[in-house]
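Worksheet: one structure, shown below.
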Amino acid sequence: MNHKVSLDLRSPVFEDIFEKEGEVSVFKTFVAGNWVLTSNLAVVRSPIDGSIIAKVSRLDAAAIEKGVDVVYRLGRRRIRDVPGEKRLNILSRIADLLEKNAGDFEEVLTVNAGKTRKQAAGEVEASIDRLRKAALDLRKLQGEYVPGDWDRHTLESEGIVRREPYGVVLAIIPFNYPLFDTVNKFVYSTIPGNAFIVKPPSADPLPVIMFARLAIEAGFPPESLMIATLRGSEAEKLVADRRISVISLTGSSETGVKVMRSAGIKQLIMELGGGDPAIVLADADLKSAASKIATGITSYSGQRCDAIKLVLVEEPVYNEMKKLLVEELSKIKVGDPRNDSTTMGPLIDKEAVDTMVEAIEEAVSRGAKLLYGGERIGDTYITPALVEVEDKNVLRELKLYKDEVFAPVAVITSFSTLDEAIELANGRRYGLDAAIFGESMARIRKLIRFLEVGAIYINEYPRHGIGYYPFGGRKDSGIGREGIGYSIEYVTALKTIVYNYRGRGIWEYL
């Protein structure tokens, strides 16, 4: 490891959102127009070495209530009263500010989220890109004209169906993409004119707070924005608040169930657990497939909902594919993400590594074979692992198959028929994405038809990018869709207006 981790923000735009307490920065939070410093502080540690890099002001129940009241009474009107063109201009200015301050955001994503320099730069770039493509969301914002002369009861009338904002959106952000997920939810929520409350992840809240500073600097109505800094376990009352009309959650399936139980009747967008299957057919380019699957297993240390967790290989090429995949995984260099040579950094905390180790140990105790990796290097570091399970009955009972182990580990097994591959892929409770590697379009087409997932990637590993293509899952993987132009449908309400012209001589029907 390098020297002890510390956070060093250089841009003057962030000077007013934190104070120094020795070497540690104490961050304020933003509550509907005001930057607030509280006495109740949450400690923020770096997954790189466990160092305390910051403290964050945590809101109590009274502060949450006051903030939601301002957002509901004033904020939901203020943002809606900003003309759409000006809302787009604000998002464009945020993109410019994010680009100008990219270095600070890359720094915080590295030391607070444990991303490699390349991964941090990629998340910042994607966030800028998402802001600049906000106008594409408008393609789903237009309404419809409905003529009334197709039914005798509606003759001499006409209708307009319009989309309008629900009012207040609550976004619940995961630790793995704290900046991009905030930006993405902010864009599709505010484009149609919703106010925005965001609950940042407890592990890495700093990118969310910094983004809010840029939003206010760019001219976003301050009463229309709030950062609810509180523990996930304390969020039930906020989730249930009837003044909040939409909840957009990215997180685990277990968190999704808790939110649904607490929320009441609300519009929900839930991008939940995954862990995707990759199916390798006998006619696939095996070297290319191995390289892409290895990336799918290890990107951001396997802490992605669309990470590959199950590799299904057709029997004729199974042994060769095992060998190639082990070779690719052995190229991954685990270490301090601040080093340019590192390709995989730490997991978010010690408990994540514990879970991975325990899942591997369970599999091995049931007869599985550890083909590669799984070597713990420190509290938060571990080499990527590939576990072979030959007995399909045993496979179905393993934690590595049944649950989403949010870490760089995958199970590999063979299949003899497409039906067997489909059954194994669909046997998990998740249905986010799948990857298929092969050339026979007829066989690929059969897999496409029967796989119970939200998206399928052909000769590519799953990756959602900025959401240019819609993504979201089936079964325990979620409700609704994220994606440019698609999430708009979940943060806007349809309203039908019927105009009656009976007896006014406008139409003369035969």
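Sequence positions, counted from 1, serve as the residue numbers for this chain.
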Point to revise | Working for salt bridge (charged side-chain N to carboxylate O under 4.0 Å, His left out), residues R132 and E99 | key: CA-CA 11 Å; R132 290 191 171 147; E99 186 172 51; 3.2 Å; yes
Point to revise | Straight-line distance of L225 CG to T190 OG1, nearest 0.5 Å | key: 9.5 Å
**Study point:** Point-to-point distance, once rounded to the nearest 0.5 Å, from CG of L7 to CD of E107
**Key:** 6.0 Å
Exercise for review: Find out whether M356 and I360 are in side-chain contact, i.e. whether some heavy atom of one side chain is under 4.5 Å from a heavy atom of the other.
Suggested key: yes
Review point. Is R130 paired with D137 through a side-chain N to carboxylate O contact shorter than 4.0 Å?
Key: yes
Point to revise | 4.5 Å side-chain heavy-atom contact, F211 and I94 | key: yes
**Study point:** Donor-acceptor contact below 3.5 Å, side chain S477 vs main chain Y430
**Key:** no
Practice item. Inspect the contact between E489 and K140 and indicate whether a charged nitrogen and a carboxylate oxygen are less than 4.0 angstrom apart. Key: yes
Practice item. Mind checking the CG-OG spacing from L131 to S92? Nearest 0.5 Å is all I need. Key: 8.5 Å
Review point. Just wondering, more than 12 heavy atoms not from E254 lying within 6.0 Å of its CD?
Key: yes
Check your understanding: What distance separates I484 CD1 from R481 CZ, expressed to the nearest 0.5 Å?
Key -> 16.0 Å
**Study point:** Y177, F471, Y469, F180 screened by ring pair (Phe, Tyr, Trp, His ring centres under 6.0 Å) with H464, the one that passes
**Key:** F471
Review point. Taking all non-hydrogen atoms of both residues, which atom of D8 and which atom of D104 are closest, and how far apart?
Key: O-OD1, 4.1 Å
Point to revise | Check ion pair R463-D276 (N to O, under 4.0 angstrom) | key: no
**Study point:** Flag, side chain of Y166 to backbone of I244, donor-acceptor distance under 3.5 Å
**Key:** no
**Study point:** Smallest separation among heavy atoms of Q267 and Y490, with atom names
**Key:** CG-O, 2.8 Å
Check your understanding: Salt bridge or not for R243 and E65, using N-O below 4.0 Å?
Key -> yes
Review point. Counting N and O atoms only, with roles assigned by atom type, does the side chain of S11 sit under 3.5 Å from a partner on the main chain of F14, one being a donor and the other an acceptor?
Key: no
Review point. Rounded to the nearest 0.5 Å, what separation is found between the CD1 atom of I227 and the OG1 atom of T182?
Key: 8.5 Å
Practice item. Could you label the plane-to-plane angle of the F18 and F27 rings as parallel, tilted or perpendicular, counting under 30° as parallel and over 60° as perpendicular? Key: tilted
Check your understanding: Ion pair present between E23 and K4, side-chain N to carboxylate O less than 4.0 angstrom?
Key -> no
Check your understanding: Are the charged groups of R80 and E164 less than 4.0 angstrom apart, N to O?
Key -> yes
Review point. Is there a donor-acceptor contact under 3.5 Å from the side chain of K28 to the main chain of E19?
Key: no
Point to revise | Exercise: do S299 and Y461 side chains pair donor with acceptor under 3.5 Å | key: no
Point to revise | K475 vs S253 side-chain heavy atoms within contact, under 4.5 Å | key: no
Point to revise | Over 12 foreign heavy atoms within 6.0 Å of OH, Y499 | key: no
**Study point:** Worked verdict on T154 versus S157 for side chain to side chain donor-acceptor pair (under 3.5 Å)
**Key:** CA-CA 6 Å; T154 54; S157 69; 4.7 Å; no
Point to revise | Residue pair N194 / V246, side-chain heavy-atom distance below 4.5 Å | key: no
Check your understanding: Please walk me through it: do D379 and V353 pass side chain to side chain contact (heavy atoms under 4.5 Å, CB included)?
Key -> CA-CA 7 Å; D379 278 351; V353 182; over 6 Å; no
Exercise for review: Kindly indicate whether the side chain of Y401, heavy atoms from C-beta on, has any atom under 4.5 Å from the side chain of V411.
Suggested key: no
Practice item. Heavy atoms only: give me the nearest R304-E404 pair and the separation to one decimal. Key: O-OE2, 4.1 Å
Exercise for review: Output, in order, the C-alpha distance, side-chain angles, deciding distance and verdict of side chain to side chain contact (heavy atoms under 4.5 Å, CB included) for L400 and E362.
Suggested key: CA-CA 9 Å; L400 288 171; E362 181 216 24; 5.8 Å; no
Point to revise | Under-4.0 Å salt bridge between E106 and K115 | key: no
Point to revise | Flag side-chain contact, heavy atom, 4.5 Å: L432 against C305 | key: yes
Review point. What are the two closest heavy atoms between K266 and I247, and how far apart are they?
Key: CD-CD1, 3.8 Å
Check your understanding: Is the backbone N or O of T38 less than 3.5 Å from a side-chain atom of R58, with the two atoms forming a donor-acceptor pair by type?
Key -> no
Exercise for review: Please answer whether the main-chain N or O of P277 pairs with a side-chain N or O of R428 as donor and acceptor at a distance below 3.5 Å.
Suggested key: no
Point to revise | Over 12 non-hydrogen atoms of neighbours within 6.0 angstrom of CD in E460 | key: yes
Exercise for review: Ignoring hydrogens and angles, tell me if any N or O in the side chain of T342 forms a donor-acceptor pair with the backbone of D336 under 3.5 Å.
Suggested key: yes
Practice item. Using the salt bridge (charged side-chain N to carboxylate O under 4.0 Å, His left out) rule, take R261 and E236 through it: C-alpha gap first, then chi angles, then the decisive distance, then the call. Key: CA-CA 9 Å; R261 287 173 176 164; E236 183 176 348; over 6 Å; no
Check your understanding: Are any side-chain N or O atoms of R78 and backbone N or O atoms of D81, one a donor and one an acceptor, separated by less than 3.5 Å?
Key -> no
**Study point:** D204 (side chain) donor-acceptor with P178 (main chain) under 3.5 angstrom
**Key:** no
Review point. Which pair of heavy atoms, one from E123 and one from N176, lies closest together, and at what distance?
Key: OE1-O, 4.2 Å
Practice item. Before giving the answer on side chain to side chain contact (heavy atoms under 4.5 Å, CB included), spell out for D349 and R45 the whole-Å C-alpha distance, their side-chain angles and the decisive distance to 0.1 Å. Key: CA-CA 9 Å; D349 54 33; R45 296 180 182 274; over 6 Å; no
Practice item. Examine distances only and state if a side-chain atom of S127 and a backbone atom of V183 form a donor-acceptor pair shorter than 3.5 Å. Key: no
Review point. Just how far is it from atom CG of D129 to atom CD1 of I466, taken to the nearest 0.5 Å?
Key: 4.0 Å
Practice item. For I448 and I456, work out which heavy atoms get closest and say how close. Key: CA-CD1, 3.6 Å
Check your understanding: Of the options F186, F30, F220, which is the one that meets F196 in a ring pair (Phe, Tyr, Trp, His ring centres under 6.0 Å)?
Key -> F186
Check your understanding: Within a radius of less than 6.0 Å around CD of Q142, do more than 12 heavy atoms belonging to other residues, nucleotides or ligands occur?
Key -> yes
**Study point:** W35 vs I209 side-chain heavy atoms within contact, under 4.5 Å
**Key:** yes
Review point. Under the side chain to side chain contact (heavy atoms under 4.5 Å, CB included) criterion, do V5 and R338 qualify, and how do the steps go?
Key: CA-CA 10 Å; V5 176; R338 295 170 295 175; 3.7 Å; yes
**Study point:** Salt-bridge criterion met for R376 and E361 (N-O under 4.0 Å)
**Key:** no
Check your understanding: Taking C-beta and beyond as the side chain, do I64 and K237 meet within less than 4.5 Å on heavy atoms?
Key -> no
Check your understanding: Salt bridge between D16 and R213, side-chain N to carboxylate O under 4.0 Å?
Key -> yes
